[in-house]
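Note sheet for the following structure.
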Amino acid sequence: MMRSQQGTILLVEDDANDVLLVQRAFRKLNVVHPIQVVNDGEQATAYLLGEGQFANRDQYPFPVLMLLDLKLPRKAGLEVLAWLRSQTTVIRRLPVVVLTSSKQAVDINRAYDLGANSYLVKPGEFEGLLQLVKNVDQYWFNLTEKPEIRTDL
Amino acid sequence: MNPIGSSAHCSSEVWAFLAGSRFFALELNSLGLIVQANAAWRSFGFNPEELPQTHFSTMVHHGSTELSNALGALQPGQRVAGDLTIRREPEGLGCLRYEAVRTDKGTFLLWGTDHTNELANRQRLLETERELDSFVYTVSHDLRAPLRAMQGFSEALLEDNADQLDDMGKDYARRIFQSGKYMDALLKGLLTHSRIGRLDFSPGVFSLQACLEQAVGESQAMLESTQATLEIKNELPPVHGDQQLIVLVFAELIANACKFVRPGTPPKIEIGLHPDDKADRVQAYIQDNGIGIAREYHERIFKVFERLHSAEEFPGTGIGLALVRKAMKVIGGEVQLVHSESGKGSRFLLTFRAAKE
C-alpha cells in the first residue's frame with residue numbers, strides 16, 4: 001500500500017466502542033495518520049477553533065479530514081457541520097465525511113445540504129469497517145487534492 | 001343497501017322513498033347539476049333548497065372526477081359505488097359512501113351514508129401502524145450499535161489475542177461472534193419489515209415483467225450457487241403497486257424456493273400467469289420443487305420470525321415470507337400459499353390490482 005501523507009484525522013464519535021474499532025481498523029491497515037478523538041459536538045467545535053483544552057496546536061493539530069458521527073451529545077453532528085460551513089475563516093473548507101449508523105434519507109439529504117463531502121454508513125461487521133477505512137484512506141489521502149487551511153495566520 | 005333494486009323505473013316514487021330515508025340522496029341531471037337534494041344533507045351543513053342547479057362537484061373535496069367518469073359510462077340499470085370526500089359546510093370534511101344508478105329519464109340517483117367516523121378510525125389505525133413501524137425501526141436500529149461492538153471485539157479477541165486463548169476460549173469467542181451475526185440478521189429483517197410500512201409508498205403502474213426480471217437479476221448469485229433453474233412461463237402484465245416492493249416480493253419468493261429444497265436437489269422454479277376471470281386483478285404464481293409445507297402450517301409461515309425447521313437444517317431468520325405478505329398488503333394485493341404438501345413443492349399465488357390499459 002502506498003504510504004499516505006501525514007495529516008491528522010479528527011474523529012467525532014461518542015461511542016467508545018466505535019472509537020476503539022475505528023482505531024483498530026486504522027492500525028490493522030497500517031494507516032499512518034494520527035487520529036484525534038473528541039466525544040461530542042461542543043468538543044468538536046472547540047477543537048476546530050483551537051480553544052480551551054485544545055489550544056496547543058502542536059498537540060492538537062488542525063485536521064485535514066473530519067470523520068463526523070451524527071448522533072452526538074450536546075451538539076449534534078449536523079449542527080457541527082452547519083456551524084463549520086458558516087464560519088468566515090478558511091476552516092470552513094475542511095473536508096467532512098459523515099460516518100454514522102443512520103441510513104435515513106432525511107439525514108443523508110440534510111448532511112449534503114449542509115455541505116458534507118461524503119456520507120458513509122457504519123458497516124455491521126469489522127470486515128466492512130476495514131474496507132471502509134481503506135477506501136477513505138485511498139480516496140482522501142492519495143487521490144484527493146485537499147484545500148489549503150492555515151490556522152496559524 | 002339497495003332501496004330501489006337494479007334499475008330505477010319510476011324515479012318520482014323512488015325519490016320520495018329516498019328523500020324520506022336516512023340516506024343522503026341526490027338526483028343529478030346528465031351534466032352533473034343537482035336536480036334535487038333531500039333533507040339529510042343538513043347534517044353535512046348544506047341547505048337542500050340551495051343545492052339545485054349547482055354542480056355536484058362543488059360539494060366534493062375528493063373523488064368527483066372518478067364519479068363523473070363512472071357516471072358517464074353508466075348504462076341504465078347499472079350501478080356504481082364508491083367513497084366521496086364531502087366539503088362540509090361551513091368547514092371540515094366528511095366521507096360519503098355512495099351508490100348511484102342511471103334512471104330511465106337519463107338522470108342519476110345517488111344515495112349514501114355518512115362514513116366519516118369509519119374513515120377517521122381507519123386513519124387512526126393507519127397512524128398507529130406507522131407509529132409501530134417507526135418504533136420497530138428505531139429499536140432495531142439502536143440495537144445494532146452495541147451488537148457491532150460485540151461482533152467487533154469478539155473478532156478482535158480471535159485475531160489479536162488468539163495466542164492467549166485456549167481452544168475452549170476461542171470456541172466461546174466464536175460463539176459470541178456467530179450469535180452476534182445471527183442477531184444482526186434478525187435486526188436487518190426487522191428493519192426491512194418496518195421500512196415496508198414506513199415507505200412513502202407512491203402508488204403507480206409498473207410492469208410486473210420488469211419487476212420480476214429485476215428480481216431474477218438480483219438473485220443471480222443464489223440461483224447459480226444452488227444450480228437452480230428458473231422458467232418464466234408468460235409475459236406478465238402491468239399492475240398497480242410499487243416497483244421496490246414488487247421486486248422485493250419476487251426476490252424473497254425466489255430465495256425461499258432456492259433455500260427450501262431437499263439436500264442435493266437443484267431448485268426448479270416456475271413463474272407464470274394464473275388464469276383468472278376477473279378483469280380487475282392479475283394473478284401470478286410461483287411454483288417450486290421444494291420440501292413443501294404441511295397444511296397446518298400454511299398460515300404460520302407468513303408470521304415474523306416463524307420457522308418450521310432448525311437453523312442447522314435451513315439457515316435463516318424466518319422473516320422472508322412475512323416481508324412478502326406485508327409488501328403485498330401495502331400495495332393492495334395478497335399472497336397465498338395455494339398448493340403445498342410436505343414433500344411435493346409449493347405454489348404461491350400473488351394477486352395484484354390490474355392496471356387498465
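Numbers restart at 1 for each chain; the letters A, B, ... are given by sequence-line order, proteins then strands. Computed from a prediction, not measured in an experiment: that's the story for all the values here.
Other residues, nucleotides and ligands contribute only 12 or fewer heavy atoms inside 6.0 Å of the OH atom of B:Tyr172. Atom CZ of A:Arg74 sits in a sparse spot, with 12 or fewer heavy atoms from other residues, nucleotides or ligands closer than 6.0 Å. Heavy-atom neighbours of A:Glu51 CD from other residues, nucleotides or ligands within 6.0 Å: above the threshold of 12. Under a cut-off of 6.0 angstrom, the local environment of NZ in B:Lys170 is crowded, with over 12 non-hydrogen atoms contributed by other residues, nucleotides or ligands. Other residues, nucleotides and ligands place no more than 12 heavy atoms under 6.0 Å from the CD atom of B:Gln244.
Rounding to the nearest 0.5 Å gives a distance of 12.0 Å between CD of B:Gln151 and CD of A:Glu127. Note: B:Glu155 CD to A:Leu130 CG = 8.0 Å, rounded to the nearest 0.5 Å.
When each of B:Ala145, B:Gly152, B:Ala156 is checked for heavy-atom pairs under 4.5 Å with chain A, B:Ala156 comes out on top.
Using a 4.5 Å heavy-atom cutoff, the side chains of A:Glu125 and B:Lys181 are in contact. For the pair B:Arg148 and A:Asp18, the minimum side-chain heavy-atom distance is below 4.5 Å.
Salt bridge annotation for B:Asp160-A:Arg24: present, with a cationic side-chain nitrogen under 4.0 angstrom from a carboxylate oxygen.
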